[in-house]
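Take a look at the structure set out below.
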Amino acid sequence: MRRLQGGHRHLPDGPRLQGGRIVGDVGISIQAGTELPNRGGLIEAFVRQAAIAIDRKIADDRLRQSLAREQEQVRNLLFLSRTAMDFIEMEDSVDIYHYIGDRLHDLTPDSIIFVCTLDAERREIRFRGGS
């Protein structure tokens, strides 16, 4: 441990690099001239453990984010698979425009959906369904 001006002590193990990035830095402020009680390296050992815990938390957070993205992708694929099968099995009597509006509303429940067709030759837009 080295003594810095103003009574600030810097632990020799910080900043710590983990996986090629800086994890953190540890500083302890005490009154100038006061010896830092270290009890056989206990503070340095604690700092090392804390750095490992921080690194693990960062890894856990990244894993949770990755799993959340994968779960969303699975939900999206299930939605697309289900709607593809619905289109294939759809009876002629089913209003496809209303079905499209309902599925879009499933994806964006706080919105109002309008399903329209465009006849470019006639320059007409026709409302077909909504949700």
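The figures here come from the full heavy-atom set of this structure, side chains too, leaving out hydrogens, waters and symmetry mates.
Legend: side-chain hydrogen bond (donor to acceptor under 3.5 Å, both in side chains) pairs involving residues 112-123, not counting sequence neighbours, sorted by first then second residue: Thr117-Arg128. The list of salt bridge (charged side-chain N to carboxylate O under 4.0 Å, His left out) pairs with a residue in residues 100-109, not counting sequence neighbours, reads Arg103-Asp106. Note on residues 68-77: no pairs pass salt bridge (charged side-chain N to carboxylate O under 4.0 Å, His left out), not counting sequence neighbours.
Here the straight-line distance linking atom CD1 of Ile58 with atom CG of Leu63 works out to 14.0 Å at 0.5 Å rounding. Note that CE of Met90 and OG1 of Thr83 are 9.0 Å apart. Values are rounded to the nearest 0.5 Å.
Across every non-hydrogen atom of Ser131 and His105, the tightest pair is OG-CB, 3.4 Å. Across every non-hydrogen atom of Cys116 and Phe127, the tightest pair is SG-CA, 4.0 Å. The shortest non-hydrogen separation linking His98 to Gly130 is CE1-O, 3.4 Å.
With a 6.0 Å radius and a threshold of 12 heavy atoms from other residues, nucleotides or ligands, Ile112 has its CD1 atom at or below the threshold.
Hydrophobic cluster membership for Leu118: Ile125 (Ile, Leu, Val, Met, Phe, Trp, Tyr linked by side-chain heavy atoms under 4.5 Å, directly or transitively).
Side-chain atoms of Asp86 and Val94, non-hydrogen and from C-beta on, never get closer than 4.5 Å to each other.
Partners of Tyr99 according to the ring pair (Phe, Tyr, Trp, His ring centres under 6.0 Å) rule, which considers only residues two or more places apart in sequence or in another chain, are Phe87. For the ring pair (Phe, Tyr, Trp, His ring centres under 6.0 Å) test, no residue two or more places apart in sequence or in another chain qualifies with Phe79.
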List the steps and the verdict of side-chain contact (heavy atoms from CB on, under 4.5 Å) for Leu67 and Arg64. CA-CA 5 Å; Leu67 290 173; Arg64 282 190 185 92; 5.7 Å; no

After noting the C-alpha distance and the side-chain angles of Val115 and Ile96, does the key distance pass the side-chain contact (heavy atoms from CB on, under 4.5 Å) rule? CA-CA 10 Å; Val115 180; Ile96 193 168; over 6 Å; no

